[in-house]
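Accompanying notes for the structure given below.
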Amino acid sequence: MSRNVTLDFVRGVAILGILLLNIVAFGLPKAAYLNPAWSGSATAHDAWTWAILDLFAQVKFLTLFALLFGAGLQMLLHRGKRWIQSRLTLLVLLGFMHAIFLWDGDILLAYGLVGLVCWRLIRDAPGNRSLFNTGVILYLTGIGVLLLLGFISGDAPNRSWIPDAANLQYEQWWKLNGGTEAISNRIDLLSSNLVALGAQYGWQLAGMMLIGASLMRSGWLRGEFSLHHYRRIGVWLIVVGLLINIPAIYAQWHLGWMYRWCAFLLQAPRELSAPFQTIGYAALAFGYWPQLSRLRLVNAIAHVGRMALSNYLLQTVICTTFFFRMGWFMKFDRLSLLGIVPFVWAINILFSMLWLRYFRQGPVEWLWRQLTARAAGVSLKHPAR
């Protein structure tokens, strides 16, 4: 089966786009990820940076990656139960190690755990429309839980939203010094993330995976529709997403990022807008692929997408080195951190281009495939890298 280069490009965009938000999680306290006023107030340029990223990037690239993950599960169905379960179990183990020993912002564990549930739902779906509708219902359920949490929460902010000086100093200390104290804190954060996954985020993640599988099954993510269709749908979906999200961004700014509203209730419009913009971004890539495919940069980004897992982990290695080993943590504001992103992107692109010149797969992808084959008890036709 020949590779879908357009899908590789979209996956590459997702991996590179995730860093636009993750760079804040690497370089600033955990509270800063969603709250530009985490220190008590927000400067104008920090607030504008937050607003633009919130409008075009926040949640969108994670949602895009979930969509593609679900599409990948659909493509793996022919390999059977043992292969898929082995592959996802190994991803769970990798995510667990990544979260404990490298960085508390890991997404691999969540994708692996939810994938272990979703692949069965995808396999057993009676029809494509049923699969798509189930995904929509699951996603909306997650948003409903988010709203419920907002209604039952108090007005007083907690340390995760506006940390005091002692908590900031402690977070800086364990991140810069590492060791067992850092591992202990990452385990605590992982426990909280798993609770959130089971209670709320997992519903949305599962929903997007099912929607992605449905779009792959229908041929939409294979590029089987007309260019006019993709272009028209892409523009309309992005416009709808922006119209949903803009009022919430304005309201959060107007309320001064008040905890109860901005940590829960006003997150819902962003979450609701994300699938529209995500699918819109993918549609534009398919719709304008004849023009995009002529660009060298697009080909380079497709290489990043071919080894997405290796590049995701490479971003962790680079950023933990910069911010935790070299002491850059809390040295830059939100806008300044974005200046580091193109440098990391360049490393991702150069690494991918050089590696794929000699090998068919990224290094982590190759190892993942070999271990999956061993765990599933099957032999590979092409074991070489």
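Being a predicted model, the structure only gives us computed values, none of them experimental. Along the sequence shown, residues carry numbers from 1.
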- Message: Using a 3.5 Å distance criterion without hydrogens, assess whether the side chain of Gln58 forms a donor-acceptor pair with backbone atoms of Leu21.
- Response: no
- Any donor-acceptor pair under 3.5 Å from Trp355 side chain to Gln361 backbone: yes
- For Arg79, does the CZ atom have more than 12 heavy-atom neighbours from other residues, nucleotides or ligands under 6.0 Å away? yes
- Message: Any heavy-atom pair between the side chains of Phe264 and Leu148 that's under 4.5 Å?
- Response: no
- Are there more than 12 heavy atoms of other residues, nucleotides or ligands under 6.0 Å from atom CD of Gln169? no
- Message: Test your reading of the model: is there a side-chain donor-acceptor pair from Ser184 to the backbone of Thr180, 3.5 Å cut-off?
- Response: no
- Item | Note, Leu20 side chain near Phe56 side chain (heavy atom, < 4.5 Å) | no
- Query: If we ignore angles and hydrogens, is there a donor and acceptor under 3.5 Å between the side chains of Asp164 and Asn167?
  - Reply: yes
- Query: Do Trp368 side-chain atoms and Arg87 backbone N/O form a donor-acceptor pair below 3.5 Å?
  - Reply: yes
- Query: Hey, mind stepping through Leu221 and Phe286 against side-chain contact (heavy atoms from CB on, under 4.5 Å) and telling me if it holds?
  - Reply: CA-CA 8 Å; Leu221 278 175; Phe286 280 100; 4.0 Å; yes
- Item | Any side-chain heavy-atom pair of Gln85 and Arg120 under 4.5 Å | yes
- Query: Which atom pair, heavy atoms only, marks the closest approach of Ile15 to Tyr312?
  - Reply: CD1-CB, 4.2 Å
- Note on the structure: When rounded to the nearest 0.5 Å, the distance separating CG of Leu367 from OG1 of Thr372 is 9.0 Å
- Item | Atom of Cys118, atom of Leu210 and distance for their closest heavy-atom approach | O-CD2, 4.0 Å
- Item | Transitive ILVMFWY side-chain link Trp50 to Tyr250, under 4.5 Å | no
- Task: Give a yes or no on this: more than 12 heavy atoms of other residues, nucleotides or ligands lie within 6.0 Å of atom CZ of Phe96.
- Result: no
- Task: Find the distance between CE (Met97) and CG (Asp106) and round it off to the nearest 0.5 Å.
- Result: 10.5 Å
- Query: Are Met326 and Val24 connected, step by step, through hydrophobic side chains (Ile, Leu, Val, Met, Phe, Trp, Tyr) whose heavy atoms are closer than 4.5 Å?
  - Reply: yes
- Give a yes or no on whether Trp48 atom CH2 has more than 12 heavy-atom contacts from other residues, nucleotides or ligands under 6.0 Å away. no
- Message: Please tell me whether Leu227 and Val5 are part of a single hydrophobic cluster in this structure, the criterion being side-chain heavy atoms less than 4.5 Å apart.
- Response: no
- Just how far is it from atom CD of Gln252 to atom CG of Leu34, taken to the nearest 0.5 Å? 8.5 Å
- Can you find a heavy atom in the side chain of Asn4 that is under 4.5 Å from one in the side chain of Met216? no
- Which residue, Arg3, Arg306, His303, forms the side-chain hydrogen bond (donor to acceptor under 3.5 Å, both in side chains) with Asp8? Arg3
- What's the shortest heavy-atom distance between Ala268 and Ile143, and which atoms? CB-CG2, 3.9 Å
- Query: Between Leu337 and Thr49, is any pair of side-chain heavy atoms under 4.5 Å apart?
  - Reply: no
- Message: Would you call the rings of Phe65 and Phe69 parallel, tilted or perpendicular, taking 30° and 60° as the class edges?
- Response: tilted
- Task: Decide if the gap between the ring center of Phe322 and the ring center of Phe26 is smaller than 6.0 angstrom.
- Result: no
- Please report the shortest heavy-atom distance between Val10 and Ala282, naming the atom on each side. CG1-CB, 4.4 Å
- Message: For the CZ atom on Arg232, are there more than 12 heavy atoms of other groups (residues, nucleotides or ligands in this structure) within a distance under 6.0 Å?
- Response: yes
- Message: Is there a side-chain contact between Leu16 and Gln315 in this structure, where contact means two heavy atoms from C-beta onward sitting under 4.5 Å apart?
- Response: yes
- How far apart are the C-alpha atoms of Val239 and Leu243, what are their side-chain angles, what is the distance that settles it, and do they pass the side-chain contact (heavy atoms from CB on, under 4.5 Å) test? CA-CA 6 Å; Val239 168; Leu243 290 176; 4.0 Å; yes
- Leu284 vs Val235 side-chain heavy atoms within contact, under 4.5 Å: yes
- If you look at every heavy atom in Trp83 and Ala373, which pair is closest and at what distance? CZ3-CA, 3.7 Å
- Item | Path from Leu354 to Phe359 over hydrophobic side-chain contacts below 4.5 Å | no
- Query: Do side-chain atoms of Arg260 reach the backbone of Gly150 as a donor and acceptor pair under 3.5 angstrom?
  - Reply: yes
- Message: Donor-acceptor check, side chain of Thr278 to backbone of Lys60, threshold 3.5 angstrom: yes or no?
- Response: yes
- Distance (rounded to the nearest 0.5 Å) between Trp103 CH2 and Arg186 CZ: 11.5 Å
- Task: Check step by step if side-chain contact (heavy atoms from CB on, under 4.5 Å) holds for Phe323 and Lys331.
- Result: CA-CA 9 Å; Phe323 294 105; Lys331 300 295 185 182; over 6 Å; no
- Message: Could you check whether atom CH2 of Trp203 has more than 12 heavy atoms from other residues, nucleotides or ligands sitting under 6.0 Å from it?
- Response: no
- Above 12 or not: heavy atoms from other molecules or residues under 6.0 Å from CH2 of Trp161? yes
- Query: Is there a side-chain contact between Pro36 and Arg334 (heavy atoms, below 4.5 Å)?
  - Reply: yes
- Task: Check each of Tyr288, Trp220, Tyr281, Trp236 against Tyr230 using the ring-ring contact (aromatic ring centres under 6.0 Å, His included) test, and report the only one that passes.
- Result: Trp220
- Item | Donor-acceptor contact present, side-chain Asn311 to main-chain Met307, <3.5 Å | yes
- Inter-residue atom distance Leu28.CG - Asp333.CG, 0.5 Å rounding: 8.0 Å
- Scan for salt bridge (charged side-chain N to carboxylate O under 4.0 Å, His left out) pairs involving residues 28-45, sequence neighbours excluded, and state none if there are none. Lys30-Asp104
- Please confirm whether the backbone N or O of Glu271 pairs with a side-chain atom of Tyr139, one donor and one acceptor, at under 3.5 Å? yes
- Item | Enclosure of Tyr259 OH (heavy-atom neighbours >12, cutoff 6.0 Å) | yes
- In Å and rounded to the nearest 0.5 Å, what is the CD to CG distance from Gln267 to Leu147? 10.5 Å
- Query: When hydrophobic residues are tied together by side-chain contacts of less than 4.5 Å, even through go-betweens, does Trp38 share a cluster with Trp173?
  - Reply: no
- Locate the shortest heavy-atom distance separating Thr63 from Ala274; write the atom from each residue and the value. OG1-CB, 3.6 Å
- Message: I'd like to know if the side chain of Gln277 and the backbone of Leu55 have a donor-acceptor N/O pair within less than 3.5 Å.
- Response: yes
- Message: Walk me through whether Leu314 and Phe351 qualify under side-chain contact (heavy atoms from CB on, under 4.5 Å).
- Response: CA-CA 9 Å; Leu314 178 60; Phe351 173 61; 3.7 Å; yes
- Task: Please list, chain by chain and in numerical order, all residues satisfying salt bridge (charged side-chain N to carboxylate O under 4.0 Å, His left out) with Arg270, sequence neighbours excluded.
- Result: Asp54
